[in-house]
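We use all heavy atoms of the structure for the numbers below, so side chains are in, but hydrogens, waters and symmetry mates are not. Ligands are counted one by one from 1 in listed order, and the atoms in each one are counted from 1 as well.
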Amino acid sequence: MEINLVSDTVTKPTPEMLQYMFTAQVGDDVYKQDPTVIALEKRVASLFGMEAALFFPSGTMANQTAIKLHTQPGEQLIADKWAHVFNYEGGGVAFNSGVSCSLLDGQRGMITAKQVASAITDPAFYHSPLTSLVCVENTTNKGGGACYDLPELRNIKSVCDAHQLKFHLDGARIWNAMVAKKENPKQYGELFDTISVCLSKGLGAPIGSLLLSDAQTIRRALRIRKQLGGGMRQVGYLAAAGLYALDYHIDRLADDHRRAKELGEQLATLSWVSIVEPIETNIVIFSIQPTLNENSVMDYLKQKGIAISNMGHGKMRLVTHLDYKEVMHTYVLETLAKISL
Ligand SMILES: *Cc1c(COP(=O)(O)O)cnc(C)c1O
């Protein structure tokens, strides 16, 4: 049995999803003539109560487009020090938008309204970069799938409004947050200027993200996507995977969350594990005893057909997903219990 717990991006389309993709109606989306892409964009926009959406090949491109929309070169955005937009988008913030990042020392990748307020530069003090944007992530990636409380996001929104800052949500795993917290997408739509969402993480589509906003902003985003090289042709085949995932793969995220919690509970009982971080969604981060070597854990599990990630500094990560089935889960729980190092 090959079990890959490295990421929720390792899933492959199910036979049903592939079947649905094969039957998609397509056209040239660069001419805005792909009915399936248009249907997906309309569907996700209306789900969040936003006017419009644009289909992207990656979450990175959707985030980078949002940053470009809301900033001018020389300005600064505020984000947590672990933010994907800062750490994992190839320095695109500087490359694409000429923007610097003011990084906050948040909790598990989440920042507070108070921290945001304290990081805004005085616009009259022309020596500093002008602050124009706040980016938050929900759930947090490096923060181990932690979810914000909506009241805190509303407080950050008030700070943004008071200082005329734009507010962007990197919602690559927003589906996980909404399932875990029993929230409604419209509660997010009303808070943010732009939201990016991924179809290729927990939802199991092979590719695809969307950027959501008001109609005028999405018209501007279309030009930026073009400049970034993101115009695509008969991508209704891929959008179809997203439509299928929205119908069939959202509610089941609760299974991923349960399995992640069970993995965490098992790990917490083991003598070679020192800390299991709180588990809110589908990401499990744990640390091993300082006397142990990470590679010995990785190697042991690899021999048993289980792949996980080594985050360095004694931290390891497991991510549950669509292709991690109950039989695999039972086997992983048993294997972890039997590990001898
Ligand atoms: C995965 C991810 C993205 C986008 O990633 P792509 O691989 O470019 O689709 C953005 N933000 C977060 C928090 C992510 O986890």
*Transitive ILVMFWY cluster of Met311 at side-chain heavy atoms under 4.5 Å: who else is in it?*
Ile283, Ile285, Val319
*Does a sphere of radius 6.0 Å around CD in Gln216 hold more than 12 heavy atoms from other residues, nucleotides or ligands, not counting ones at 6.0 Å or beyond?*
no
_Close residues, ligand 1: non-hydrogen atom nearer than 4.0 Å_ = Ser58, Gly59, Thr60, Asn63, His84, Glu89, Glu137, Asn141, Asp170, Ala172, Arg173, Lys201
*Does the ring centre of Tyr244 sit less than 6.0 Å away from the ring centre of His249?*
yes
*Counting N and O atoms only, with roles assigned by atom type, does the side chain of Ser209 sit under 3.5 Å from a partner on the main chain of Gly59, one being a donor and the other an acceptor?*
yes
*asked:* Test: side-chain hydrogen bond (donor to acceptor under 3.5 Å, both in side chains). Region: residues 289-304. Which pairs qualify, not counting sequence neighbours?
replied: Glu294-Asn310
_Connecting only ILVMFWY residues whose side-chain heavy atoms lie within less than 4.5 Å of each other, what is the rest of Val85's hydrophobic cluster?_
Ile67, Leu77, Val93, Val99, Leu133
